[in-house]
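To find a chain, count down the sequence lines: A is the first, B the second, and so on, and within it residues start at 1.
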Amino acid sequence: MEEHPWRDIDRKWQQFWEEHGTFRAVDRSDRKKFYALMMFPYPSGSALHMGHVRNYVIGDVLTRLRKMQGHNVLHPMGWDAFGLPAENAAIKAGVHPADWTRKNIATMKRQLQELGISYDWSREISTCDPSYYKWTQWIFLKMYERGLAYRKKSFVNWCPSCQTTIANEEVHEGTCWRCHSVVVRRDLEQWFLKITQYADRLLDDLTLLDKWPERVRTMQENWIGRSEGARVVFRERDSGAEMPVFTTRPDTLFGVTFMVIAPEHPMVGELVKGRPEEREVLAYVEKALTLSEIERTGADREKTGVPTGRFAVNPVNGDAVPLFVADYVVAEYGSGIVMGVPAHDDRDFAFARKQGLPVKVVIQPGATRLDGATMEAAFLEDGVQANSGAFDGLPNRDGKKAITAHLEKKGWGGPLVTYRLRDWGISRQRYWGAPIPMVTCAACGHVPVPEADLPVLLPRDVDYSPGAISPLEKSKEFVEVACPKCGGPARRETDTMGTFMDSSWYFYRYTSPREEKAVFNRETAGYWMPVDQYIGGIEHAVMHLLYARFFHKFFQDLGLVDTPEPFTALFTQGLVLKGGEMMSKSTGNIVSADGLVAKYGCDVPRAYVLFIAPPDKEVEWQDAGIEGIARWLHRVGGLVDGWAPMDLPPSDMDVRKYPFVNGEVVDPRHPHAKEVVRMTHATVQKVTMDTSASFHFNTAISSLMEFTNVLAGYSARREALPVVRSYQSGDSTPDPEHDPRVMSFALKRLILLVAPFAPHLAEEWWKRSGEKPSVFDASWPTFDPAAAAEDVVEIPVQVNGKHRATIRAARGASEDALKTLVLGDEKMKAQMAGKTVRRWVIVPDRLVNVVVG
RNA sequence: GCGCGGGUGGUGGAAUGGCAGACACGCUAGGCUCAGGACCUAGUGGGCGCAAGCUCGUGGGAGUUCAAAUCUCCCCCCGCGCACCA
């Protein structure tokens with residue numbers, strides 16, 4: 001395909017910006033800082049599609065806008081370069097993951113540069129670079145030092161396709177978030193980070209994030225899942241073993257008719273050992289363990305379970321109730337043991353009916369009396385305590401407090417807060433990641449690698465095919481090491497860290513990307529952080545965004561940062577769909593950027609993707625509308641060329657009030673010139689509002705189109721009428737309808753307003769208009785709201801709420817004046833003939849409604 | 001099941017209590033042109049009408065209001081998230 005001539009303009013200015021360091025951020029400046037951050041991509045090497053373009057262009061618009069508004073902007077880019085796709089591609093194509101990744105980074109960088117995105121490339125970072133992951137390892141060591149990194153054997157999520165364990169946050173509806181395979185459970189020893197220790201802070205500080213979408217905050221809140229309740233210690237009847245439970249309903253404690261323990265619970269084996277129930281229980285446990293997350297969870301699923309033959313004693317009333325093993329109890333939540341109160345819990349009710357267990361009502365509603373034998377559903381609402389010993393008659397909300405207090409007093413339990421959030425499993429049994437900097441010594445146990453020995457380099461020559469053991473395990477040179485503590489023979493940890501470790505702190509590294517002595521430079525980080533505007537996909541609502549907040553709070557505890565939160569404002573952009581599906585390389589349904597860029601130049605597809613819909617909304621791609629943007633930009637180009645060079649007057653001349661003097665119209669003969677000036681102010685106002693106060697880029701572009709149409713109309717007059725451009729010829733009383741000062745004023749502002757959306761063209765037009773590049777060093781235009789307002793307004797007139805006429809009135813006309821105008825209007829005379837006016841509703845400058853009877 | 005977001009012309013969308021459909025695509029007619037998928041002008045929600053105009057109209061139904069796409073209630077549909085967490 002032949003290239004559009006504008007491609008030369010694209011390249012010319014891309015080169016100019018690079019050579020002049022136009023978008024290079026300065027670490028110290030008198031100007032206000034603005035940190036604009038895009039979630040950095042995984043360098044997959046696929047061609048950029050319009051979905052990508054949309055993401056990166058949002059940040060680009062913001063960067064250019066803020067720069068023009070006088071900010072010192074940091075807009076960096078880097079690569080989330082560790083991870084499975086590299087390894088899988090490498091295995092498939094026989095290329096080393098490092099080489100594959102490096103090549104993809106080069107490709108993607110070139111594509112981003114060809115799009116003219118305003119990154120400060122001098123700060124580029126890559127998480128697979130040893131100079132970066134050295135510090136990821138350092139963070140791990142600091143966490144270990146503070147007891148936040150620990151090893152634990154437990155049932156973890158295993159993705160059979162990725163051949164590794166994954167974190168809870170990476171399991172979406174029972175499947176792996178990356179490959180969508182059904183996740184299974186495996187009993188493994190793994191490294192965990194104690195994110196739960198930060199649960200309250202992560203929850204409480206969500207209230208500080210008022211510039212985040214409510215949706216994301218809610219998702220995090222639900223994920224953390226704080227719930228207040230009580231701990232109640234039951235005892236096994238025969239052995240006296242403690243069986244603590246967590247409940248949010250201590251008020252129903254007297255209604256316990258059975259107990260349930262999770263199949264994975266460590267006590268299970270002990271409880272049934274040598275008993276007649278042993279065989280059946282162990283068979284049940286085994287079966288439960290083979291079930292995937294997806295098979296096991298789901299509220300609709302029928303409750304199964306088997307009796308253990310054991311009994312638990314309720315501390316408050318001495319009742320001994322049967323203990324069951326059932327897979328609806330989650331081992332990792334609470335104590336893994338649940339008290340069964342069928343009368344007041346849906347799940348317990350279903351289980352009790354299935355097992356033929358008694359239902360004991362302990363909360364009675366006011367009017368009717370429930371009967372446990374006949375009730376058809378659990379009673380979940382508030383009521384009055386019954387069958388609850390000394391607590392009978394209390395409203396259950398008070399009962400809750402009273403019973404909890406009673407438990408505490410007796411030493412049988414007390415108040416307890418529990419979280420749904422679990423600790424973060426970070427071990428991955430794969431090659432392409434940062435090695436966990438730990439050593440295991442037969443004598444000393446787990447020993448951290450000394451800071452001075454970092455980074456623990458990922459060896460290059462390793463058989464990285466996945467299998468039963470971690471790839472690094474196969475590298476003798478890597479594994480065998482002297483114990484840092486005793487010097488004896490020891491083994492390195494062979495699991496690598498999940499890539500969310502890498503991405504939890506990259507935004508800090510941008511603030512001092514070449515810092516060698518520390519994880520980041522405190523001073524520059526203090527200047528740039530927190531991120532002023534973070535932009536990325538909603539899919540990270542509870543993965544990356546939660547982890548990054550956790551790391552930030554950890555940095556706060558290390559005294560490295562002062563602020564509580566890393567991202568002041570968050571914007572989640574919508575997907576660009578094709579055929580109702582997300583654009584993706586694997587399914588081949590993509591609209592690649594290259595073709596459109598070659599056909600139109602890069603500003604046209606860039607502006608189009610902003611024009612097509614508000615940026616937070618999902619949008620179905622369609623080629624059709626792009627012509628409209630191309631036409632518009634060509635029209636602007638035509639206007640600029642038609643009036644360039646606009647050397648009179650100088651751009652800084654205050655023509656704001658022209659053609660007004662003291663706010664009055666000097667010469668009523670030139671309504672068009674006046675309208676152009678008014679429209680200029682109005683457009684500056686509209687575009688400023690739509691881009692600075694919100695992300696309404698689509699309506700900003702619309703108003704720029706309208707402005708262009710008005711200017712084209714004004715410009716056409718010059719051609720249509722036989723007039724000399726008198727001002728230029730030295731005439732001191734220029735014909736206001738053809739005054740080049742008016743066009744100069746309007747067009748230069750149009751170019752400035754267009755600049756964030758069509759940066760290459762705007763830069764070219766700025767120069768042609770006689771100004772000095774870069775247009776991004778020029779100031780964003782200001783406006784005067786008074787000059788933007790029309791002085792004659794059209795006011796719709798309604799009769800009983802229906803639009804019947806329109807009157808023209810001076811802006812700010814009084815209610816009486818409007819009344820007079822309405823009564824004098826021919827249409828309204830006809831409408832009101834023979835009717836009685838019951839009421840006037842007058843909204844000055846907006847509307848008149850005459851209520852008649 | 002629970003939570004959130006959404007449903008407006010042939011299409012993308014605009015309007016968040018005050019003229020529904022800005023802006024753009026597409027389409028129709030005319031102009032210009034050797035020609036054009038280029039450019040210019042006009043028109044373009046449905047129905048009735050030569051027209052002026054009338055009337056209906058923002059998923060469906062009810063309500064509040066002088067006035068509702070917008071607020072309230074009920075229902076339907078689509079998308080996303082969470083889902084046995086005691």
Applying a 3.5 Å limit to both distances, which nucleotide forms a Watson-Crick or G-U wobble pair with [N]?
N: B:U16; value: none
N: B:C71; value: B:G63
N: B:C50; value: none
N: B:U33; value: none
N: B:U44; value: B:G26
N: B:A86; value: none
N: B:G57; value: none
N: B:C4; value: B:G79

Give the intermediate values and the outcome of side-chain contact (heavy atoms from CB on, under 4.5 Å) for residues A:Val362 and A:His344. CA-CA 8 Å; A:Val362 291; A:His344 306 291; 3.6 Å; yes

Is A:Lys354 atom NZ crowded by more than 12 heavy atoms from other residues, nucleotides or ligands, each under 6.0 Å away? yes

So for atom CZ, which belongs to A:Arg215, do other residues, nucleotides or ligands contribute more than 12 heavy atoms lying within a distance under 6.0 Å?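 Open: at most 12 neighbouring heavy atoms sit under 6.0 Å from CZ of A:Arg215.
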
Distance between the [atom1] atoms of [N] and [M], in whole angstroms?
N: B:U41; M: B:G46; atom1: P; answer: 24 Å
N: B:C40; M: B:G57; atom1: C1'; answer: 34 Å
N: B:U44; M: B:G60; atom1: C1'; answer: 29 Å
N: B:C25; M: B:C39; atom1: P; answer: 9 Å
N: B:A68; M: B:G63; atom1: P; answer: 13 Å

Are OP1 or OP2 of [N] and a side-chain N or O of [X] less than 4.0 angstrom apart?
X: A:Lys827; N: B:G53; value: yes
X: A:Tyr333; N: B:A86; value: yes
X: A:Asn709; N: B:A24; value: yes
X: A:Lys802; N: B:C56; value: yes
X: A:Arg804; N: B:C54; value: yes
X: A:Ser227; N: B:A86; value: yes
X: A:Arg420; N: B:A86; value: no
X: A:Arg635; N: B:C40; value: yes
X: A:Gln831; N: B:C54; value: yes

Describe the nucleic acid contact of [X] in one word from base, sugar-phosphate, nothing, applying a heavy-atom distance below 4.0 Å.
X: A:Gln220; value: nothing
X: A:Tyr419; value: nothing
X: A:Arg631; value: sugar-phosphate
X: A:Val338; value: base
X: A:Val329; value: base
X: A:Lys686; value: nothing
X: A:Arg215; value: sugar-phosphate
X: A:Asn698; value: sugar-phosphate
X: A:Glu620; value: nothing

Do A:His4 and A:His634 have ring centroids that are under 6.0 Å from one another?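 Between A:His4 and A:His634, which both carry aromatic rings, the centre distance is below 6.0 Å.
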
Ring centroid separation A:Phe571 to A:Phe695 under 6.0 Å: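 Under 6.0 Å, so yes.
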
Any donor-acceptor pair under 3.5 Å linking the side chain of A:Gln355 with the backbone of A:Gly305?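 Here the side-chain-to-backbone pair exists.
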
Shortest non-hydrogen separation from A:Met543 to A:Glu539 and the atoms involved: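 So the minimum-distance heavy-atom pair works out to CE-O, 3.3 Å.
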
By nearest heavy atom, map A:Gly628 and A:Gly801 onto RNA chain B; which one lands nearer the 5' end?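 Closer to the 5' end of RNA chain B: A:Gly628.
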
Reading RNA chain B from 5' onward, which residue's closest nucleotide shows up sooner: A:His634 or A:Met219? A:His634

What's the [atom1]-[atom2] distance between [X] and [N], to the nearest Å?
X: A:Leu421; N: B:C82; atom1: CG; atom2: C1'; answer: 15 Å
X: A:Trp840; N: B:U65; atom1: CH2; atom2: P; answer: 23 Å
X: A:Leu380; N: B:C2; atom1: CG; atom2: C1'; answer: 13 Å
X: A:Met543; N: B:G81; atom1: CE; atom2: P; answer: 11 Å
X: A:Met679; N: B:A22; atom1: CE; atom2: P; answer: 15 Å
X: A:Glu214; N: B:G5; atom1: CD; atom2: P; answer: 6 Å
X: A:Ile795; N: B:C66; atom1: CD1; atom2: P; answer: 21 Å
X: A:Leu577; N: B:G6; atom1: CG; atom2: C1'; answer: 14 Å

Looking only at side-chain N and O atoms, does A:Trp424 offer a donor or acceptor that is under 3.5 Å from a partner on A:Glu169?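 The answer is no; no qualifying pair exists.
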
Single hit among A:Tyr600, A:Trp621, A:Phe757 for ring pair (Phe, Tyr, Trp, His ring centres under 6.0 Å) with A:Tyr608: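 Of all the options given, the one that passes is A:Trp621.
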
Return the nearest nucleotide to the side chain of [X]; candidates are [options].
X: A:Thr218; options: B:G3, B:G37, B:A15; result: B:G3
X: A:Val851; options: B:C66, B:C23, B:G13; result: B:C66
X: A:Thr247; options: B:A86, B:C66, B:A24; result: B:A86
X: A:Met705; options: B:G37, B:C19, B:C23; result: B:C23
X: A:Thr248; options: B:A67, B:A86, B:G13; result: B:A86
X: A:Pro614; options: B:A86, B:C19, B:A14; result: B:A14
X: A:Trp223; options: B:G12, B:A83, B:C19; result: B:A83
X: A:Leu847; options: B:C84, B:G13, B:G18; result: B:G18
X: A:Phe246; options: B:C84, B:A67, B:A86; result: B:A86

When you check the glycosidic angle of B:G9, does it come out syn, meaning within 90° of 0, or anti? syn

Pair A:Ile224, A:Arg420 - check side-chain contact (heavy atoms from CB on, under 4.5 Å), show working. CA-CA 5 Å; A:Ile224 294 166; A:Arg420 212 189 75 107; over 6 Å; no

